[in-house]
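Please read the structure below before turning to the comments.
Residue numbering restarts at 1 for every chain, and letters A, B, ... go by the order of the sequence lines. Values below: every heavy atom of this structure, side chains too, minus hydrogens, waters and symmetry copies.
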Amino acid sequence: MRQDFRIVELFLQYALQGLKLGSIYALIALGYTMVYGVLRLINFAHGDVFMLGAMLSIYFARWTKLGAHPSWISLVAIMAMAMVACGLIGGVIERVAYRPLRNAPRLSLLITAIGVSLFIEYAGQLSQVFGATPQVFPSLVGNHQWTIAGKLTISTVEALVFVVAVLLMLVLHGIVHHTKLGLAMRAVSFNFQAASLMGVNVNRVISFTFVLGSALAGAAGVLYGLSYHSVDPLCGFMPGIKAFVAAVLGGIGSIPGALLGGFLLGEAETLTAGYISSTYKDAIAFVILIVVLLVKPSGLLGKRVVEKV
Amino acid sequence: MKTLQNNIFLFVLLGVTLALNFALQRWLDPYYYKILVDVGIAIILAVSLNLINGITGQFSLGHAGFMAVGAYVAASISVFLVQPWMQGAGLSGDTNLIAGGILVGVAVVVGGICAALAGLVVGLPTLRLRGDYLAIATLGFGEIIRIVILNTDQVGGARGMSVFPTPSAMGGAPVKSSFFWVFAWMIVCVTIVARLAHSVKGKALFAIREDEFAASTIGIDTTRYKVIAFLTGSFFAGIAGGLFAHSSTGFITPGGFDTQKSIEIVVMVVLGGLGSISGAIIAAVVLTIMPEALRGFSNYRMVVYSLLLIIVMLTRPQGLMGMKELRWPWRAKAGG
Amino acid sequence: MTMDAMLEISDCSVDFGGLKAVDSLDLSVAEGEMVALIGPNGAGKTTVFNAITGVYRPTGGAIHFKGQSLDGMQSYRINRLGIARTFQNIRLFKNLNALDNVMLGFNSASQRHMIGTMIRSPESEQDREEIVRRSRELLDWMGLSAASAACSMDLPYGQQRRLEIARALATQPKLLLLDEPAAGMNTREKQELAGLIERLRKEFRLTLMVIEHDMKMVMSICPRIIVLDHGRKIAEGNPSEIQNDQTVIEAYLGEKPVAAA
Ligand SMILES: Nc1ncnc2c1ncn2[C@@H]1O[C@H](COP(=O)(O)OP(=O)(O)OP(=O)(O)O)[C@@H](O)[C@H]1O
Ligand SMILES: [Mg+2]
């Protein structure tokens with residue numbers, strides 16, 4: 001009896017961890033899904049924008065000295081700065097690297113995205129920039145441990161990550177479904193040409209999408225830093241790829257799908273790490289990806305599209 | 001007989017390589033010898049990836065995974081089968097260059113075959129995927145391969161695997177991938193890929209890249225050709241891996257076959273011009289020698305690569321050579 | 001079921017998530033016939049071709065070619081049975097030259113194995129020469145011999161359309177489906193094309209199905225016309241019958257005036 005209880009407890013503890021990781025994936029996945037929706041591009045650099053969110057926050061906290069005074073205000077301020085900075089960076093990347101290729105083959109776009117991703121990662125590793133060694137992320141907010149039931153604990157950060165992810169998703173949902181720009185975004189992702197014929201300023205919509213998605217990645221970066229404490233210029237690559245997997249799992253182009261996919265992937269990874277082996281944790285995402293692509297390429301919540309000939 | 005005549009050039013080339021081998025081993029500084037071997041391996045990697053990414057247009061980001069399969073299989077054969085046997089028979093790689101070379105050759109071929117099988121396993125399910133989805137799926141497969149190796153203790157896991165035993169244990173210098181083996185494989189690889197791509201049937205690979213769907217409506221079994229491209233490409237990636245495992249340091253780690261390695265090969269193919277074999281060769285040569293020449297700037301290597309990638313895509317998306325090929329001047333007209 | 005029908009489409013439907021692009025269509029084409037498929041924009045004409053060539057799976061009904069069901073068959077197999085097509089929005093292999101485009105049509109006919117070409121066996125060289133010769137012949141037929149080395153993307157529009165026909169012919173089809181072959185051509189080019197199609201039909205013993213918006217051209221070359229609207233067949237008959245058919249006139253007026261050249 002006692003034993004059974006432990007097993008359940010352990011499982012729940014893993015599940016909570018998974019929820020935290022999943023929330024971060026979900027936030028990154030939102031950006032992928034939106035950009036993929038309007039441009040049909042896997043923005044490889046998205047994971048690196050996420051990394052920049054985490055990395056820059058360290059510097060923001062240092063410059064503003066907010067890192068030394070953990071409080072909710074520090075947190076909100078740093079997160080706002082990270083979101084603005086990442087939003088700008090995302091917008092600039094789109095403007096400089098992707099827009100000139102609007103009519104080029106999609107492969108050129110993909111390669112450029114890979115180039116941008118590499119550039120951010122390796123320029124970031126230069127000693128003149130961030131340097132290659134991991135840096136400690138300041139604890140921006142007091143981290144309490146609450147005991148919920150028995151030995152089951154949850155920390156402020158864990159709760160925070162989850163709440164922020166859901167909140168931001170709701171905001172995004174609101175923007176996409178209740179503003180004019182959101183409507184234009186949906187029009188562009190439905191049919192690029194038709195939207196531009198109907199007078200939608202496609203370039204503006206795409207820029208906006210990048211800014212929005214990158215801002216979310218920036219927020220995810222801060223949450224990541226709070227959760228895992230250590231950040232380096234390469235720390236965005238894998239989470240980025242995995243968040244893309246999450247977006248595919250949930251159904252690319254679907255906002256709730258990105259959230260669902262993120263949570264599921266986060267759970268799958270922590271449970272694999274907990275019950276099988278932490279080294280196989282990284283493989284599970286790819287196994288899921290391949291299975292989804294083979295069994296249901298449109299993902300859990302995505303719509304099936306027939307390629308028009 | 002006629003067939004033989006048609007290939008005479010090839011045999012001459014192999015002969016020259018063999019002759020050069022002895023000359024180079026004798027007179028060339030080991031440092032430059034090593035770079036030469038690295039260049040040969042890079043060419044095999046770039047040309048074989050070009051078959052998949054450039055010629056057939058199936059953008060793969062998992063080439064290093066196949067290279068890893070070849071490297072680890074070949075290394076395992078050397079370490080667990082060949083070396084004990086040679087020791088038992090009282091042979092040393094030093095005194096029996098020919099025997100040793102052939103045994104390493106066999107190990108490398110088996111590595112290539114295993115990589116090809118892995119290519120088949122990857123190719124079959126991912127064939128339906130297009131463009132960026134395929135890129136991510138192959139990246140995923142490459143990572144899975146790497147993680148599996150990482151978790152296989154028999155081949156050293158994360159610590160890596162030493163292919164060459166300590167000289168004392170072997171009694172003499174171990175057998176390495178010599179200039180001859182590497183360049184012979186390079187010649188075979190380039191020849192096969194070039195002839196495949198420009199044969200009547202193999203042109204179908206270009207057709208798939210240009211318009212897969214139109215290709216299928218003119219009777220081209222696109223799946224079959226994509227499998228052929230994946231099989232051939234991953235076979236040579238495996239060969240390159242096996243040669244690499246037996247070159248210079250003779251030490252391999254799973255980390256050496258990660259996504260970054262795959263991307264490095266992609267950079268070669270893209271800069272050379274997707275679909276151009278000579279472009280891939282030139283890019284492989286330049287991108288292997290350049291970092292050596294710029295040793296002091298090694299931190300900037302990947303920064304330069306990435307900028308090159310972006311700038312090339314923005315200004316000359318067809319790469320250095322586009323789809324064009326350099327030909328032997330005396331064959332420029334023949335179109336071979 | 002008509003006994004000597006070469007192509008038999010029965011009760012065929014193609015849905016796109018609620019939209020019935022083709023709706024319970026019955027249609028048959030006899031060997032040697034030349035049939036036009038017309039209808040307003042979005043009537044479902046191209047979708048019919050796509051269903052025949054295995055691009056889209058019909059959601060209902062059946063398609064038989066020479067008595068054989070095409071159900072679930074892949075496009076390349078359908079082509080090998082003897083059905084070739086062109087595309088409304090030209091789909092050439094853009095970066096390959098004209099000769100290569102046509103040679104690719106012979107791909108499945110080439111008997112040589114890859115290994116042979118790999119070692120440059122004399123047989124494979126002969127095979128190549130033979131295919132080059134036949135491809136040039138086809139280019140000649142289409143009046144493209146001067147263009148054979150040109151990158152297909154750089155050819156003028158009219159030549160691209162003809163090159164696409166040459167590529168389709170290289171697969172030695174019995175049934176050729178042409179999707180708006182005259183689109184974008186001027187009157188003179190259209191006349192030439194009409195003559196060319198007629199000659200091809202005789203020379204290669206083709207059965208033809210043509211989608212065309214130019215009524216004058218359709219009426220002049222096709223003895224039988226099938227009219228589609230909203231995925232349904234609304235009329236079928238010879239040119240004069242169609243011209244005077246009230247439902248046809250309404251279908252077109254409901255959309256936009258007929259583009260009578
Ligand atoms: N892959 C697809 N997905 C969704 N709808 C499609 C698809 N293909 C065609 N349709 C729709 O099916 C209908 C019929 O299209 P089709 O292309 O067959 O028309 P058509 O008669 O060839 O018209 P046109 O004269 O303009 O070429 C149209 O409403 C079109 O939008
Ligand atoms: Mg049409």
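- Listed here is the closest heavy atom pair of Leu104(C) and Ala207(B): CD1-CB, 3.7 Å.
- Close placement of the Phe213(B) and Phe87(C) rings is indicated, their centers lying within 6.0 Å of each other.
- In terms of heavy-atom pairs under 4.5 Å with chain C, the best-connected choice from Ile228(B), Ile220(B), Thr223(B) is Ile220(B).
- Asp221(B) and Tyr76(C) get closest at one heavy-atom pair: OD2-OH, 3.2 Å.
- Heavy atoms only, all atoms of each residue included: Arg128(C) and His198(B) are closest at NH1-O, 3.2 Å.
- For the options Thr217(B), Leu10(B), Thr191(B), Ile192(B), heavy-atom pairs under 4.5 Å to chain C are most numerous at Thr217(B).
- Counting non-hydrogen atoms of neighbouring residues, nucleotides and ligands closer than 6.0 angstrom, the CZ atom of Arg77(C) reaches no more than 12 such neighbours.
- Atom CD of residue Glu212(B) and atom OG of residue Ser75(C) lie 10.5 Å apart, to the nearest 0.5 angstrom.
- When heavy atoms are compared at a cutoff of 4.5 Å, Gln74(C) approaches chain B solely by way of its side chain, counted from C-beta outward.
- Taking CD1 of Ile218(B) as the start and CZ of Arg80(C) as the end, the distance is 10.5 Å to the nearest 0.5 Å.
- Nearest heavy-atom pair, Gly219(B) versus Ser108(C), reported as atom, atom and distance to 0.1 Å: O-CB, 3.5 Å.
- Annotation for Arg167(C) and Ala214(B): closest pair NH2-CB, 3.9 Å, computed over non-hydrogen atoms.
- Only the side chain of Thr171(C) comes within contact range of chain B, with at least one heavy atom under 4.5 Å from a heavy atom of that chain.
- Here the closest non-hydrogen pair linking Lys94(C) and Glu210(B) is N-OE1, 3.1 Å.
- Both the backbone and the side chain of Asn95(C) come within less than 4.5 Å of a heavy atom of chain B.
- Proximity of a side-chain donor or acceptor of Asp211(B) to a complementary backbone N or O of Phe93(C) within less than 3.5 Å is not detected.
- A 6.0 Å sphere centred on CG of Asp140(C) holds more than 12 heavy atoms belonging to other residues, nucleotides or ligands.
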Could you walk me through whether Asn107(C) and Lys203(B) pass the side-chain contact (heavy atoms from CB on, under 4.5 Å) test, one step at a time?
CA-CA 8 Å; Asn107(C) 186 282; Lys203(B) 263 272 151 67; 5.8 Å; no
